[in-house]
Asks: 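Quick one: structure below, then a few questions.
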2 protein chains.
Amino acid sequence: MQNDQKIRIVIYEDNRDLREGMTFLLQATPGLEFAGAFPDATNLEMQIPGLKPDVVLMDIDMPGRSGIDAATIVKALRPETQVLMLTVFEDEEKVFQAIRNGASGYLLKRTPPTEIISAIQDVHIGGSPMTSTIARRVLQFFQQQPPSGSSRPDYDLSPRELEILKSMVKGYSYKLIAEEHFISVDTVRSHIRHIYEKLQVNSKTEAVLKALREKIV
Amino acid sequence: MQNDQKIRIVIYEDNRDLREGMTFLLQATPGLEFAGAFPDATNLEMQIPGLKPDVVLMDIDMPGRSGIDAATIVKALRPETQVLMLTVFEDEEKVFQAIRNGASGYLLKRTPPTEIISAIQDVHIGGSPMTSTIARRVLQFFQQQPPSGSSRPDYDLSPRELEILKSMVKGYSYKLIAEEHFISVDTVRSHIRHIYEKLQVNSKTEAVLKALREKIV
DNA sequence: AGGTAAATAGCACGAAAGGGTGATATATTC
DNA sequence: GAATATATCACCCTTTCGTGCTATTTACCT
């Protein structure tokens with residue numbers, strides 16, 4: 001984050017008008033330095049290391065290589081480069097993919113120029129500009145609440161059954177579980193049968209998965 | 001989201017000046033309806049049901065009950081109410097707690113009045129206003145980067161083995177996996193044996209657990 | 001005191017999973 | 001062109017699981 005230096009920016013955007021418009025915008029803005037613009041990301045590996053951008057504006061939908069894949073590669077080549085995704089609409093899945101792949105911000109193409117500029121500055125000093133709609137999606141992913149009503153089902157397992165379940169989650173075989181709890185394998189079976197009934201599953205793997213996903217991990 | 005209705009707002013904020021300032025602001029803004037303001041959240045259970053707010057402005061640090069706990073209760077009482085957290089600085093831990101507890105936005109107290117207003121409108125129509133710094137924190141949490149060096153072990157499974165593993169993680173039996181991939185059960189077994197070798201495990205459950213924890217989930 | 005639930009244990013059977021071994025046909029790589 | 005990796009199928013045998021049924025002891029509830 002070299003501070004009083006100009007922010008070097010590279011654009012990947014297949015729409016020519018948009019690309020040229022943004023190029024012009026960047027060149028006209030003091031504090032920003034236009035470093036390059038390309039209609040696709042296929043030669044990204046050859047471009048990024050030389051151009052050394054601080055910020056990359058990356059269209060999501062491009063011919064050849066998608067912006068999502070491109071974002072991954074940019075972050076691999078230059079982790080310090082911030083990637084700002086550009087898209088026409090807020091596609092839930094793509095947003096998350098981009099985030100997972102290291103994108104630091106998410107803008108709509110219809111964002112007014114002044115805001116694009118401030119988003120660039122923002123992402124460069126460590127922020128993550130995004131629309132509040134996208135932010136909400138991200139938060140909801142975090143909260144991943146059951147849509148309505150009670151929290152998580154309880155299944156009311158007995159204390160003993162819970163312990164057995166935990167052992168199962170550790171990947172133990174019946175024999176091991178028996179030894180661990182100083183009971184016979186048959187008893188373990190008994191408990192596990194009850195657990196299956198309560199969890200509504202019918203195999204060890206399913207039980208472990210359900211336990212892992214829904215409750216006491 | 002009753003649209004052309006006024007947005008009913010309740011404030012919880014222990015600082016008197018701020019509380020009264022915001023009250024004034026809300027009352028002076030068309031489209032918003034000030035529904036109440038309180039210096040603490042201790043009687044929240046008695047207030048929220050009667051006031052039926054669309055949006056609650058909630059200070060994080062209050063005497064008695066914290067804004068975080070209060071947010072939880074508000075969401076429990078009226079899930080349709082949006083909670084906007086207010087704080088003086090961006091405390092990482094508290095931000096996450098608030099998010100987990102159902103907060104839909106996160107504002108700094110020093111946010112200018114006009115932006116507070118638009119944040120309220122924003123959160124009411126389904127957005128999640130937050131500073132880009134907070135957004136970055138949230139994204140980073142998503143990306144949960146390995147601090148440095150090696151990522152996760154690869155185990156280099158073949159593409160086919162990966163598919164089989166995924167089916168295992170779905171809790172399928174050998175037979176089901178065979179049907180799913182149009183191969184014989186023996187072939188499935190063959191792949192699974194190789195998977196066990198590579199993952200260094202020796203049972204379905206262990207393999208699933210390892211897969212779930214370390215890699216492709 | 002009587003009823004209920006949990007924990008324990010056992011028996012039995014069939015199905016599923018895992019170990020061992022071997023074989024064949026493509027690819028890919030060296 | 002040989003070696004290697006992958007994908008496929010087969011057979012045998014042992015262990016583990018899933019399930020049905022029963023039974024005893026303890027502990028808790030009313």
Side-chain angles (χ1 to χ4, degrees), chain A residues 42 45 65 69 73 150 152-217, chain B residues 150-217:
Chain A
T42 42
E45 288 89 340
R65 178 186 278 164
D69 295 338
I73 299 169
S150 66
R152 46 106 166 58
D154 198 5
Y155 299 118
D156 57 51
L157 298 173
S158 77
R160 195 58 164 181
E161 286 162 350
L162 255 190
E163 287 181 45
I164 306 284
L165 222 202
K166 284 179 191 166
S167 299
M168 292 170 72
V169 172
K170 286 193 281 182
Y172 287 9
S173 68
Y174 285 14
K175 191 182 265 183
L176 269 176
I177 297 175
E179 286 170 16
E180 189 188 25
H181 295 277
F182 307 107
I183 57 181
S184 80
V185 176
D186 285 305
T187 304
V188 172
R189 262 201 250 282
S190 267
H191 288 308
I192 289 183
R193 224 174 311 136
H194 296 144
I195 293 172
Y196 286 177
E197 284 170 23
K198 291 180 180 175
L199 291 197
Q200 301 258 49
V201 299
N202 39 42
S203 82
K204 206 177 175 182
T205 313
E206 286 181 66
V208 169
L209 283 173
K210 194 153 190 172
L212 222 45
R213 283 205 240 273
E214 298 189 26
K215 356 180 295 82
I216 320 90
V217 184
Chain B
S150 70
S151 48
R152 41 100 169 63
D154 197 5
Y155 298 117
D156 58 48
L157 299 174
S158 77
R160 195 57 164 181
E161 287 163 349
L162 253 190
E163 286 182 45
I164 305 285
L165 222 203
K166 283 180 190 165
S167 299
M168 293 170 72
V169 172
K170 286 195 280 183
Y172 286 9
S173 68
Y174 285 14
K175 192 181 270 181
L176 271 176
I177 297 175
E179 286 171 15
E180 191 188 24
H181 295 278
F182 307 106
I183 56 181
S184 80
V185 177
D186 280 304
T187 304
V188 173
R189 282 161 32 71
S190 183
H191 288 307
I192 289 181
R193 229 176 309 128
H194 295 145
I195 294 173
Y196 287 176
E197 285 171 23
K198 292 181 180 175
L199 291 197
Q200 301 260 49
V201 298
N202 40 41
S203 81
K204 204 177 176 181
T205 313
E206 286 181 67
V208 169
L209 282 173
K210 195 151 190 173
L212 222 43
R213 282 206 242 274
E214 298 188 28
K215 350 183 298 78
I216 322 90
V217 184

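To find a chain, count down the sequence lines: A is the first, B the second, and so on, and within it residues start at 1.
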Asks: Can you tell me if A:T187 and A:S184 form a side-chain donor-acceptor pair at under 3.5 Å?
Replies: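 The criterion, which ignores hydrogens and geometry beyond distance, is satisfied for A:S184 and A:T187.
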Asks: Where along nucleotides 9-17 of chain C does protein come under 4.0 Å, by heavy atom, of base (B) or sugar-phosphate alone (S), with - for untouched nucleotides?
Replies: BBB----SS
Asks: Starting from C1' on C:dG18, measure out to CD on B:E206 and report it in whole angstrom.
Replies: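 Taking CD of B:E206 and C1' of C:dG18, I get 12 Å after rounding.
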Asks: Going through the checks in order, is the side chain to side chain contact (heavy atoms under 4.5 Å, CB included) test met by A:V208 and B:V208?
Replies: CA-CA 9 Å; A:V208 169; B:V208 169; 5.7 Å; no
Asks: Just to verify, what does A:D69 make a salt bridge (Lys or Arg N to Asp or Glu O under 4.0 Å) with, not counting sequence neighbours?
Replies: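 Expected list: none.
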Asks: Could you tell me which residues satisfy salt bridge (Lys or Arg N to Asp or Glu O under 4.0 Å) with A:E163, sequence neighbours excluded, listed by chain and number?
Replies: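 Only A:R160 meet the salt bridge (Lys or Arg N to Asp or Glu O under 4.0 Å) criterion with A:E163.
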Asks: For C:dT8, does either OP1 or OP2 sit under 4.0 Å from a side-chain N or O belonging to A:H191?
Replies: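 Answer is yes, contact under 4.0 Å.
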Asks: Using atom CD1 of A:I164 as one end and atom C1' of D:dC17 as the other, report the distance to the nearest whole Å.
Replies: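 To the nearest whole Å, that distance equals 15 Å.
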Asks: Compute the bend angle of the helix from C:dA1-D:dT30 to C:dC30-D:dG1 from the end axes (five pairs per end), rounded to 10°.
Replies: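 Overall, the helix from C:dA1-D:dT30 to C:dC30-D:dG1 bends by 60° from one end axis to the other.
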Asks: What residues form a salt bridge (Lys or Arg N to Asp or Glu O under 4.0 Å) with B:E180, not counting sequence neighbours?
Replies: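 Salt bridge (Lys or Arg N to Asp or Glu O under 4.0 Å) check on B:E180 returns B:K170.
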Asks: Check the pair A:M168 / A:I177 against side chain to side chain contact (heavy atoms under 4.5 Å, CB included), numbers first and verdict last.
Replies: CA-CA 7 Å; A:M168 292 170 72; A:I177 297 175; 3.7 Å; yes
Asks: Under the rule for side-chain hydrogen bond (donor to acceptor under 3.5 Å, both in side chains), what residues qualify as partners of A:R193, not counting sequence neighbours?
Replies: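 If we apply the side-chain hydrogen bond (donor to acceptor under 3.5 Å, both in side chains) test to A:R193, skipping adjacent residues, there are no hits.
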Asks: Determine whether B:H181 and B:I164 satisfy the following criterion, side chain to side chain contact (heavy atoms under 4.5 Å, CB included), listing intermediate values before the conclusion.
Replies: CA-CA 8 Å; B:H181 295 278; B:I164 305 285; 4.2 Å; yes
Asks: Measure the distance from NE2 on A:H194 to P on D:dT22 and round it to the nearest whole Å.
Replies: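 My rounded result for the distance is 13 Å.
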Asks: If each of B:I192 and A:H181 is mapped to the nucleotide of DNA chain C with the nearest heavy atom, which maps nearer the 5' terminus, i.e. the 5' end?
Replies: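 Taking each residue's closest nucleotide, the earlier one in sequence belongs to A:H181.
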